[in-house]
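All remarks here apply to the structure that follows.
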Protein chains: 2
Amino acid sequence: MLRMSPGSKKGESRAAASPGGILPLDTIFEGDCIAALARLPAQSVDLVFADPPYNLQLGGDLQRPDNSMVDAVDDDWDKFASLRHYDDFTNAWLAAVKRVMKPDATLWVIGSYHNIFRVGASLQDLGFWILNDIVWRKSNPMPNFRGKRFTNAHETLIWASRDQGSRYTFNYEALKAGNEDVQMRSDWLIPLCTGAERLKGDDGRKAHPTQKPETLLARILLAASRPGDVVLDPFFGSGTTGAVAKKLGRHFVGIERDPDYIAYARERIALAEPVDDAAMLAPAEKRSEPRIPFATVIERQLLQPGAILTDTNGRHEARVRVDGSIMLGDIVGSIHKIGALAQGLPACNGWTFWHYREDGKLRLIDEFRTVLRKELAAAG
Amino acid sequence: MLRMSPGSKKGESRAAASPGGILPLDTIFEGDCIAALARLPAQSVDLVFADPPYNLQLGGDLQRPDNSMVDAVDDDWDKFASLRHYDDFTNAWLAAVKRVMKPDATLWVIGSYHNIFRVGASLQDLGFWILNDIVWRKSNPMPNFRGKRFTNAHETLIWASRDQGSRYTFNYEALKAGNEDVQMRSDWLIPLCTGAERLKGDDGRKAHPTQKPETLLARILLAASRPGDVVLDPFFGSGTTGAVAKKLGRHFVGIERDPDYIAYARERIALAEPVDDAAMLAPAEKRSEPRIPFATVIERQLLQPGAILTDTNGRHEARVRVDGSIMLGDIVGSIHKIGALAQGLPACNGWTFWHYREDGKLRLIDEFRTVLRKELAAAG
DNA sequence: GGCACGATTGAATCCATTG
DNA sequence: ACAATGGATTCAATCGTGC
């Protein structure tokens, strides 16, 4: 039986239409993840964050797709059986998630060396297309007490699109602006979830064993979703995904089978304060300028047919034709094509290559484009 | 047909007895890796380093922003018909390697997200026991030219013992002593192999497309082998493993298919001198302060979205956005770009320009950077 | 010689729009 | 559906050249 739980104490529950039906938003579903996913409408979510269990050989709590338990194991035969069961489980939830994803949605999965190779191989087998693997470097990892291995100071995330060639959301400019104006790398330094952020029970002990830091989820949501998007977390746990989604103006859908965790999550999400100023929320984007045909420069008589274009050094000379093409020797083509040809390069932006001479000075033809764009903007 | 080639020009060839026969040392075998492995004695090597093809599956050409071409890895040895074929290949060489390993030997494999999940799953299936996954963070990776993904700034290594419960070599104290007396972590910052270390052909072009830095191999050998141990590299390439083994007083056994690579490797190894001080092979330490993204200040909630930043005089007011960009009027950008814009300067250090108000006093946002640097310093 | 500046390069699954 | 084409997009480090 599937129960629906509003994400906030107010009990407000929004919903979004999708090809497969109606998806309740900002809601936590209580129950088995695969069964619950099967009841969600197809192609209804924009982003998935999954923090699946990875108790491979730890025994006791590994769940088969049919919800039966795998016994604790320590001999080889059982170890292989356990790996296979884990793979079955992984394949099942990944396939179920894939069905629920919009065509351009992306998936994030976090794991450690115990399980991430199983997960990665499974998702490749299912046709997901890996975009990056991301390393969460922990600034304050637990040391290796016995001195028998390297300090396990990181976890791995896989970022994948539903299919090869999909047009996924990636807020490149926003990430770059917040990162000292250099593009964001695949290794992220983020502290563990500790202190006040770490949820504690009445007994003062941690409420959830693997609560993820909000910083981590914030970066994921800011990188790969837009305000108003729907973020699905099929292993909702203590609700970090929901809390961050609410703060950042995204919708969430959570699935969790433990009612205690759901209680913690609900309380926590109710307390989360959304950023209310939309201007603070919309991702920084380089606004795409309208495309200006070079022919317009001629039509508007900013350049005359027959005018000479050269590169910076004057090594190449081309002549402007009435139709906006240019001629180098007896070869005719666009400013881009001829620019590429002149340099022997596979491509070229002609606007930023060709110059014209005015009052004895060389000026870039891109100045014309700037002028025309300003005019266009003024005209609305 | 299998040919045997001495590793040095002197042609000296040592050998070690093992349960399965005699293993020639400091030798490069020319031929297919799986066939060659089948002829080596069982249980004869102490350490394996493997740098298998990554199965990159590149699409078309990639151009840099200056329209020059990226020199892609398009070699035949990296072409596989399908994931299934790649898995078959992986299973075959891993099984062959396992047979040759002594019971307490360990295996290192390096890869990227294209192949590492296949490799990890395969070696788990074969009964290897993963000890760590290690992240090689590149200090100077190739950027993402189109701004479509995160900079792919790392590769992954898996360190595994032959069997669960084996008594492998791990030089814990030595690593700790060489790491400012803190445990060596699972994330290693090491530059790409460039400059004088990078082997070049007579034409001045790189001799091998994926030559690994000696620093990386040095750390592996120092961590997981002892002087006199035998290190096997089944994808020997340009011989980095052999050169480092010789420098560090380990023996090597290499397998390589391409006679050109073998020629480079042999010459290189002949020139390698055993070192007295292993620290010579440590990476040059970085002394510069780590770069702190302004987005971290928001992620860590040191400032809230919507907070007001001003200059000293309060002439300019900008507002902080969730993604770590700031907004002046309706213009969005980094603290640096907007700081420059506000002053009409070509550049500006936003950290030392913008202030926030706390308890009625103006404080420089650079104070946040100081705090974060202290907190994150330990992790580099 | 030393410094400034430009050219080059590294395992890469790297476009969007129009016709 | 595919094909053609306009034109947007990069970080750290090394090495060579010129003053």
Side-chain angles (χ1 to χ4, degrees), chain A residues 124 128-133 159-161 164-168 170 172-173 176 179-186 286 288-295 324-325 333-340 345-353 366 369, chain B residues 51-75 77-80 83 86 110-116 136 138-156 189 191-198 200 204-206 208-213 235 237 284 286 288 291:
Chain A
Q124 287 180 307
F128 286 94
W129 192 247
I130 299 181
L131 300 168
N132 279 114
D133 59 336
W159 181 38
S161 59
Q164 182 175 1
S166 68
R167 300 172 51 153
Y168 52 89
F170 180 55
Y172 175 74
E173 290 293 341
K176 187 173 172 179
N179 192 44
E180 303 295 283
D181 291 322
V182 294
Q183 52 183 216
M184 184 76 78
R185 297 169 41 119
S186 57
K286 191 161 284 182
S288 59
E289 302 276 10
R291 188 179 288 190
I292 307 288
F294 181 66
S325 60
S334 69
I335 51 172
H336 312 295
K337 281 278 154 60
I338 301 297
L345 288 174
C348 163
N349 182 345
W351 290 107
T352 56
F353 177 71
D366 205 25
R369 187 165 63 157
Chain B
D51 182 9
Y54 288 6
N55 189 25
L56 287 185
Q57 301 179 262
L58 302 178
D61 292 334
L62 179 63
Q63 294 168 31
R64 301 167 189 272
D66 65 1
N67 292 311
S68 66
M69 301 290 295
V70 173
D71 184 12
V73 176
D74 53 1
D75 307 68
W77 50 253
D78 197 43
K79 299 266 194 294
F80 293 84
L83 275 182
Y86 187 78
I110 186 167
S112 65
Y113 65 82
H114 310 83
N115 72 322
I116 199 66
W136 168 26
K138 303 177 182 182
S139 56
N140 50 347
M142 193 189 304
N144 185 287
F145 295 116
R146 304 297 293 264
K148 294 296 162 184
R149 303 180 177 190
F150 298 93
T151 309
N152 194 0
H154 74 277
E155 294 187 24
T156 301
L189 181 63
L192 293 171
C193 179
T194 59
E197 187 186 326
R198 188 90 196 207
K200 305 240 167 42
R205 299 177 53 165
K206 57 189 174 192
H208 190 283
T210 69
Q211 185 182 341
K212 296 295 177 288
F235 305 97
K286 309 230 316 176
S288 59
R291 173 145 48 192

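Throughout, protein chains are lettered first and strands after them, A, B, ... in sequence-line order, and every chain is numbered starting at 1.
Under the 90° criterion around 0 for the glycosidic angle, C:dT13 counts as syn.
Distance noted for atom C1' between D:dG7 and C:dC14: 15 Å (whole Å). Rounded to whole Å, the separation between the C1' atoms of C:dT13 and D:dA12 comes to 23 Å.
Judged by centroid separation below 5.5 Å and plane tilt below 30°, B:Y113 does not stack onto the base of C:dT13.
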Contacts under 3.5 angstrom, residues 56-66 of chain B side chains, donor-acceptor by atom type, not counting sequence neighbours:
| from | atom 1 | to | atom 2 | distance (Å) |
| --- | --- | --- | --- | --- |
| B:D66 | OD1 | B:S68 | N | 3.0 |
| B:D66 | OD1 | B:S68 | OG | 2.7 |

Give the dot-bracket string for DNA chain C, reading 5' to 3', where a pair is Watson-Crick or G-U wobble with both distances under 3.5 Å, ( ) marks pairs inside the strand, [ ] marks pairs crossing earlier ones, | marks a partner on another strand, and . marks unpaired. .|||||||||....|||||
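For the pair B:N67 CG and D:dT5 C1', the computed distance is 14 Å after rounding to whole Å.
Shown are A:N349, A:T352, A:I292; of these, the side-chain contact (heavy atoms from CB on, under 4.5 Å) with A:D366 is made only by A:T352.
Mapped onto DNA chain D by nearest heavy atom, A:P346 and A:V182 fall at different nucleotides, with A:P346 at the one closer to the 5' end.
With sequence neighbours excluded, no residue forms a side-chain hydrogen bond (donor to acceptor under 3.5 Å, both in side chains) with B:N140. When the salt bridge (charged side-chain N to carboxylate O under 4.0 Å, His left out) test is applied to A:K176, no partner is found at least two apart in sequence or on another chain.
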Derivation of the ring-ring contact (aromatic ring centres under 6.0 Å, His included) call for A:F170 and A:W159: CA-CA 11 Å; A:F170 180 55; A:W159 181 38; 5.5 Å; yes
For nucleotides 3-11 of chain C, give me one character per nucleotide, 5' to 3': B if any protein heavy atom sits under 4.0 Å from the base, S if the only such contacts are to the sugar-phosphate, - if neither. ------BBB
Just the atom pairs and distances: protein N or O near nucleotides 16-19 of chain C's N or O, under 3.5 Å.
| from | atom 1 | to | atom 2 | distance (Å) |
| --- | --- | --- | --- | --- |
| C:dA16 | OP1 | B:K148 | NZ | 3.2 |
| C:dT17 | OP2 | A:R167 | NH2 | 3.0 |

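Checked by atom type, the side-chain pair A:S334/A:H336 shows no donor-acceptor distance below 3.5 Å.
The aromatic rings of B:H208 and B:W77 sit parallel, their planes meeting at an angle under 30°, below the 60° perpendicular limit.
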